[in-house]
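Remarks on the structure that follows.
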Amino acid sequence: MQPPEVSAAPGFRRTAHGLRSLKDAGLRLPSSAASMKSGETASSELLHAQLGTTAFVPRIDFFWSVLLIWLIGDCTISDPNAPSQKSGARRAKKPMSELKLPARSEDFSEWYNQIVLRAELADYAPVRGCMIVRPYGWALWENITQALDRRFKATGHVNAAFPLLIPRSFIEKEKSHVAGFSPELAVVTHGGGEELEEPLVIRPTSETIIGHAYAKWIQSYRDLPLLINQWNSVVRWELRTKLFLRTLEFFWQEGHTAHATLAEAEAETRQMLDIYTDFAVRDAAIPVIPGRKSAAERFAGADETYSIEAMMGDGKALQAGTSHNLGQNFAKAFEIRYLDQTGALQYCWTTSWGLSTRFIGAVIMVHGDDQGLVLPPRLAPFQVVVVPIFKNDEEKAVVLPLAQKLSGTLADSGIRLKMDSREGISPGFKFNDWEMRGVPLRLELGPRDAAKGSVVLARRDRPGREGKSIAPQQGLETAVRNALEEIQKSLLDRALDFRNKNTVTTSDYEEFKKAVQTGFALSWWCGSAPCEEKIKEETKATMRCIPLEQQRRSGKCVYCGQPAIEQGIFARAY
RNA sequence: CGGGGCGUGGCGCAGUCUGGUAGCGCGCUUGCCUUGGGCGCAAGAGGUCCCCGGUUCAAAUCCGGGCGCCCCGACCA
């Protein structure tokens, strides 16, 4: 069934709370039409009966609609050109637009909000700007944390936990750090009913408190490198928030390392950037551009900041992970020193790196489509959903045990699987439901399959008939694994293709301005802050990063025309 | 922090202008019926109308104050 065209759409904007609605996305009935619903139920049956048997459909149709209007009073039902009252009545009764997401191409922002809520990834919390991560969203986050944690451990890092509360004086010890963070600090002034002597801040990041600890723990070059990571949440008092992308509190990991030399610290910084890149590409199927940040975009307190930048489905950029070389800034502020082999006292070189729940936003915005979420198999909480189909006890007795058996086999082989045995819900509903929630592969198993020894596989990355195929129950595990691999690959290919199509390499400022409206511009930049600033003012695009991979040529700055030796990615950003 | 919108069963809204019985849809519960792309029928449960104060015989509605949320513009993962 096609979603109905409800004629009153223009000008009928959702109200604020409508944005939260799970159920009425896109429903734009005028109140008069809505009120028709109550009166129309009985009549609609009548209409069906009449329409089914008469040759004078158009006349009868008109007659009945007039009667209906008359009965109901002030009712602006309908478009007289509607195909028939039959469908008209059904529409009013059960508008499918109610169940449908806003189209991604029409309202990207609203589409995003709806997906987060309807796929049950997260919900709004009672405090402005905070989010509740729901089990399904948290399961996704857990898979992200595991994929990263594995990589951290493999490169010699260990996990620990540092406190939530930090003495305010700590934040003030590193001057650019204070400048960067003080506007967004949450400060605790009272405890135990008394005003505190020294206010505490809720960590916006943990460089300072970890610096304090490292100063105690590090004495000798033998204590280095120190490689610690922590999984936690931090608070930054943001003014404009959006679930996952920007919330007051967010979850992340922050790695903090100390090294004997600048070279080592730089190598660590770059290694972690590589790890983020590898994770994004291989596990999340998100192509990213690893690069160096300009001075203006650098972390408060870092000598050098690197990031991976990804293109979202609307052409905007999202910083998906960052890695900082902190030089000796924090080492000096917190006296993190060691005795080297010659017995000389040296300041350490430190790094920090983080990836947050914002990454979930990237997954949504890179892969999602009009049907909802699309999750890459390697991160999906459920890689496969099994929908059994039957219409009576007899069929149920055949189908259900078979579905359970096949599910059991697949689950035992390590495939993350959900068997949807909810009763009283039609298979069609389940199809749509799990598509909205992004499950990569659906297995449909009905009486016909049971008889033929087959299963229907439906790929989420190709909605509808196109993505369906029939596989034998024998050797299903292999077929499923192959399908998941293919989906993983096709998601990456598609995202990469999209990014390439929407990235323009240009030295012409007019062309540049056009490019950053819809995607990325790769352009020569002279490296001066004023040019960067002007570009931002004039186009709203910022310097996302200077890609690590550079051509060896040189060129002219896209803004000022002065000689430039590096090309940067410019884009509007989240 | 500036501009706009909103606050009424779980969710979305009507009712507020013009004061007098709190209503609709969805969802939920129970039963029947259905189930290969968002089923249907019937019967139920569920509300301090954001808070405080005022006016009035009477306030969801009028007046004053407060709180909260969402959306659009300057900083950040």
Side-chain angles (χ1 to χ4, degrees), chain A residues 1 3 13-25 27 29-39 41 45 90 92-100 109-110 113 117 124-129 179-181 183-184 204-205 234 236-242 244-247 250-254 296-300 305 307-308 318-322 324 353-359 361-362 371 387-392 395-396 399 422-436 442 444-449 456 458 463-465 468 536-537 540 542 573-574:
Chain A
M1 253 207 266
R13 286 299 304 143
R14 285 285 96 197
T15 58
H17 284 81
L19 299 175
R20 295 179 165 197
S21 167
L22 303 190
K23 306 301 178 192
D24 72 341
L27 174 55
L29 286 171
S31 56
S32 53
S35 68
M36 182 187 82
K37 292 178 188 175
S38 52
T41 309
E45 297 310 315
R90 188 174 282 176
K93 206 186 243 177
K94 192 82 198 165
M96 206 181 292
S97 54
E98 202 173 69
L99 298 161
K100 232 170 140 72
S109 170
E110 182 56 14
N113 290 338
L117 296 172
Y124 293 99
V127 175
R128 178 193 73 85
F181 280 108
E184 48 186 16
T205 178
V234 291
R236 298 179 187 178
W237 213 261
E238 299 291 345
L239 298 174
R240 271 194 71 187
T241 61
K242 198 170 178 88
F244 290 118
L245 295 179
R246 193 184 293 106
T247 45
F250 60 87
F251 298 85
W252 74 346
Q253 63 52 227
E254 46 176 327
E297 301 280 333
R298 211 174 270 158
F299 174 76
T305 287
S307 72
I308 51 173
L318 184 92
Q319 178 176 312
T322 53
H324 314 291
W353 26 275
L355 185 145
S356 76
T357 37
R358 173 180 254 198
F359 197 91
Q371 324 303 322
V387 179
I389 299 160
F390 47 82
K391 56 170 166 284
N392 51 44
E395 289 179 356
K396 182 177 173 181
V399 168
R422 286 179 290 178
E423 302 217 19
I425 294 174
S426 71
F429 185 94
K430 292 177 181 177
F431 295 173
N432 287 289
D433 194 35
W434 291 110
E435 275 170 15
M436 186 170 61
R442 179 177 69 241
E444 305 171 13
L445 185 73
R448 294 205 292 270
D449 300 296
V456 174
R465 288 246 170 269
K468 288 202 186 190
K536 187 174 172 181
E537 274 172 31
K540 301 215 166 157
T542 50
Y574 277 100

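In what follows, every chain begins at residue 1, and chains take the letters A, B, ... in the order their sequences are listed.
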Using atom P in both nucleotides, what's the gap between B/C49 and B/G10 to the nearest angstrom?
13 Å
Pairwise C1' distance, B/U8 and B/U16 [rounded to whole Å]
11 Å
Neighbour count above 12 (heavy atom, 6.0 Å) for A/Lys242 NZ:
yes
Step through the shown structure and confirm whether more than 12 heavy atoms of other residues, nucleotides or ligands are within 6.0 Å of CZ on A/Arg422.
yes
Residue matched to B/C6 through Watson-Crick or wobble contacts both under 3.5 angstrom:
B/G68
d([atom1], [X]; [atom2], [N]) in whole Å:
X        : N     : atom1 : atom2 : result
A/Lys391 : B/C33 : NZ    : P     : 16 Å
A/Arg358 : B/C76 : CZ    : P     : 11 Å
A/Leu117 : B/G12 : CG    : P     : 10 Å
A/Asn392 : B/U34 : CG    : P     : 9 Å
A/Leu355 : B/A77 : CG    : P     : 12 Å

So for A/Lys430 and B/G36, does any side-chain atom that can act as donor or acceptor lie under 3.5 Å from a complementary atom in the base?
no
Can you find a pair of side-chain heavy atoms, one from A/Arg246 and one from A/Arg236, that are under 4.5 Å apart?
no
Just N and O in the side chain of [X]: are any of them under 4.0 Å from OP1 or OP2 of [N]?
X        : N     : value
A/Arg240 : B/C72 : yes
A/Thr322 : B/A77 : no
A/Lys242 : B/C76 : no

Out of B/A77, B/G73, B/G38, which nucleotide sits closest to the side chain of A/Asn432?
B/G38
I want to verify a distance call: between B/G36, B/A77, B/C70, whose nearest atom is closest to the A/Trp252 side chain?
B/A77
Could you check A/Glu238 against A/Glu435 and say which one's nearest nucleotide on RNA chain B is further toward the 5' end?
A/Glu435
